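Heads up, the thing below is written out as structure tokens.
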There are 2 protein chains.
Amino acid sequence: MSLPHAILTALLDEDLTGYALAKQFDVSLGFFWQASHQQIYRELKGLHSMGGVNVLEVPQHGKPDKRVYSLTNQGRQMLDSWITQSTRHRGAKDELFIKLFNVGSVPIEQVTEAVKQRQIEHVRRLELYRKIEARSYASPSTLPDRKKGVYLSLLAGIRQEQTAVTWCDDALNLLATVKP
Amino acid sequence: MSLPHAILTALLDEDLTGYALAKQFDVSLGFFWQASHQQIYRELKGLHSMGGVNVLEVPQHGKPDKRVYSLTNQGRQMLDSWITQSTRHRGAKDELFIKLFNVGSVPIEQVTEAVKQRQIEHVRRLELYRKIEARSYASPSTLPDRKKGVYLSLLAGIRQEQTAVTWCDDALNLLATVKP
DNA sequence: CGGTACATGTAATCTGTTACATGATTCA
DNA sequence: TGAATCATGTAACAGATTACATGTACCG
């Protein structure tokens with residue numbers, strides 16, 4: 001039960017439509033918590049009926065009408081009390097490790113291929129994160145308080161990807177010693 | 001759709017009951033893919049009706065009867081063809097990052113507390129992994145092929161935890177500069 | 001006497017994914 | 001002309017979590 005809180009968090013700095021929220025969940029917060037537009041529209045209704053957000057309906061011409069959501073005081077209080085609760089993280093479910101547990105029982109090339117593929121993804125991710133770092137967080141010591149948490153998240157992402165890229169190299173080396 | 005394959009994988013080396021499988025999913029494979037006993041019993045039924053596993057009913061006295069599951073040839077084939085399919089990983093959903101995105105809007109002590117708590121968990125995890133490494137994977141170069149993938153998973157776990165512990169230190173340092 | 005281990009399950013609910021549905025505008 | 005962007009949603013299904021349910025044996 002934390003997608004609602006992720007949405008409230010995204011609304012801290014700016015009012016957003018469901019559509020714009022869904023885009024945010026593709027980048028930024030979405031690097032650490034992803035959600036589809038279907039989920040977001042569903043949750044926004046729930047949050048609205050609970051008083052956590054306000055809606056402003058904005059008629060448009062040429063495009064469908066907008067519903068711009070904003071955080072209410074009650075929404076802020078929901079965040080405040082949620083912050084004190086225990087932090088849950090469902091351990092990442094990653095099929096790659098199941099595949100690795102199959103080494104020695106299935107054709108090794110397929111596992112190697114999966115690791116190579118994964119490394120490409122990690123490299124891409126790392127490049128993206130570094131680009132964001134260079135653009136917006138070049139001097140972390142002078143960051144306003146409000147940005148420090150976001151920066152730390154990005155830093156976590158960078159380190160994770162770095163670790164993963166290096167691990168892929170080591171994994172490929174060891175997998176190369178497995179007889180086919 | 002990969003819990004079935006995780007179960008088949010766990011059955012590669014030994015026949016197990018649903019109960020024992022659930023325990024495996026608390027350690028070993030479970031470090032990278034967790035599942036509750038309810039899920040496992042459900043999936044075992046499905047796998048059985050699809051011919052991926054055999055059941056041997058073992059009457060016991062004093063305890064409920066056992067159903068010992070073993071992998072069939074068809075089960076092995078299911079793994080073989082699954083291995084070639086694309087590897088999915090749902091990005092880890094971690095509330096800690098949502099909390100970090102709240103820095104500057106909620107009481108900072110709570111966020112700091114959450115990071116400290118998380119660091120303790122990572123340290124514990126790291127110690128556990130290292131214990132397993134020392135016990136079973138002291139000389140990775142002489143490992144039989146069948147164990148190499150498992151070792152690589154463990155190595156990934158160790159590196160991830162190490163990275164996380166270090167990051168927590170850096171995070172705590174930067175969070176200490178946030179005005180309350 | 002109380003807790004843990006063994007051993008299996010059902011039912012309800014909550015989350016997440018996939019597919020379907022609509023429709024104008026802008027850009028190549 | 002066709003794809004992408006803006007903008008909202010419904011419906012069905014799959015997957016995960018929580019609660020409930022039962023019952024013996026063994027250890028301290």
Side-chain angles (χ1 to χ4, degrees), chain A residues 1-7 10 15-27 29-30 32-50 53 55-69 82 85-95 98, chain B residues 1-7 15-27 29-30 32-50 53 55-69 82 85-86 88-95 98:
Chain A
M1 234 234 157
S2 33
L3 176 55
H5 299 100
I7 291 173
D15 300 347
L16 295 165
T17 63
Y19 185 86
L21 272 162
K23 300 223 101 183
Q24 288 273 301
F25 278 87
D26 275 344
V27 292
L29 230 196
F32 312 100
W33 195 286
Q34 41 273 144
S36 62
H37 68 105
Q38 292 93 332
Q39 270 179 287
I40 288 164
Y41 286 125
R42 220 218 243 103
E43 292 297 340
L44 278 171
K45 276 177 193 167
L47 281 168
H48 186 236
S49 72
M50 289 167 62
V53 294
V55 199
L56 179 67
E57 303 208 27
V58 181
Q60 300 193 120
H61 46 285
K63 295 174 200 172
D65 293 353
K66 272 188 196 179
R67 326 184 104 242
V68 180
Y69 290 90
W82 176 74
Q85 280 158 239
S86 75
T87 313
R88 299 209 176 166
H89 55 132
R90 351 203 182 303
K93 300 211 163 173
D94 192 339
E95 297 188 352
I98 306 183
Chain B
M1 236 235 157
S2 34
L3 177 55
H5 300 99
I7 290 174
D15 300 347
L16 294 165
T17 63
Y19 185 85
L21 272 163
K23 300 223 101 181
Q24 289 273 302
F25 279 86
D26 275 345
V27 292
L29 231 196
F32 312 100
W33 195 286
Q34 42 272 144
S36 63
H37 68 106
Q38 292 93 333
Q39 270 179 287
I40 288 164
Y41 286 124
R42 217 214 255 113
E43 292 297 342
L44 279 171
K45 276 176 196 169
L47 281 169
H48 186 237
S49 72
M50 288 168 62
V53 294
V55 200
L56 179 67
E57 303 208 28
V58 180
Q60 299 194 117
H61 46 284
K63 296 174 199 172
D65 293 352
K66 273 187 194 178
R67 327 185 104 240
V68 181
Y69 291 90
W82 176 73
Q85 281 159 238
S86 75
R88 300 209 174 166
H89 55 131
R90 348 199 183 308
K93 300 211 161 170
D94 193 338
E95 297 188 353
I98 305 182

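The structure displayed is predicted, hence computed values, not measured ones. Order of the sequence lines sets the chain letters (A, B, ...), proteins ahead of strands, with each chain counted from 1.
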Mind checking what makes side chain to side chain donor-acceptor pair (under 3.5 Å) contact with [X], not counting sequence neighbours?
X       : answer
A:Glu57 : A:Arg67
A:Thr87 : B:Lys99
A:His89 : B:Glu121
B:Ser2  : A:Glu95

ask   = Considering residues at least two apart in sequence or located in another chain, which fulfil the ring pair (Phe, Tyr, Trp, His ring centres under 6.0 Å) criterion with A:Phe25?
value = none
task = Would you grab the first and last nucleotide of DNA chain D (5' to 3') that comes under 4.0 Å of any non-hydrogen atom in chain B?
result =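 The contact span of chain B on DNA chain D goes from D:dG15 to D:dA25.
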Tell me every residue that passes side-chain contact (heavy atoms from CB on, under 4.5 Å) with [X], counting only those two or more places apart in sequence or in another chain.
X       : result
A:Gln39 : A:Leu3, A:Ala35, A:Ser36, A:Arg42
B:Asp15 : B:Val68, B:Ser70
B:Val27 : B:Phe31

Axis-to-axis angle between the two ends of the helix from C:dC1-D:dG28 to C:dA28-D:dT1 (five base pairs per end, rounded to 10 degrees) = 50°
In whole angstrom, what separates [X]'s [atom1] from [N]'s [atom2]?
X       : N      : atom1 : atom2 : result
A:Leu47 : C:dC14 : CG    : P     : 15 Å
A:Gln39 : C:dT18 : CD    : P     : 11 Å
A:Gln34 : C:dT17 : CD    : C1'   : 13 Å
B:Arg90 : C:dG16 : CZ    : P     : 11 Å
A:Tyr19 : C:dA24 : OH    : C1'   : 13 Å

inquiry  = Considering every strand and a 4.0 Å limit on heavy-atom distances, what is the contact class for A:Thr17: base, sugar-phosphate, or nothing?
reply    = sugar-phosphate
key: Along DNA chain C (nearest heavy atom to each residue), the more 5'-positioned of B:Lys66 and B:Lys93   =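 The residue closer to the strand's 5' end, by nearest nucleotide, is B:Lys66.
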query = Taking the six-membered ring for Trp, are A:His5 and A:Trp82 parallel (under 30°), tilted (30 to 60°) or perpendicular (over 60°)?
reply =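 Parallel.
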query = Under 4.5 Å between any side-chain heavy atoms of B:His37 and B:Tyr41, yes or no?
reply = yes
Can you give me the N/O atom pairs linking the protein to nucleotides 10-12 of chain C at distances under 3.5 Å, or say none if there are none?
residue	atom	partner	partner atom	Å
C:dT10	OP2	B:Lys45	NZ	3.2

Atom pairs and distances, donor-acceptor, side-chain atoms in residues 16-23 of chain A, under 3.5 Å, two or more places apart:
residue	atom	partner	partner atom	Å
A:Thr17	OG1	A:Tyr19	N	3.4
A:Thr17	OG1	A:Ala20	N	3.0

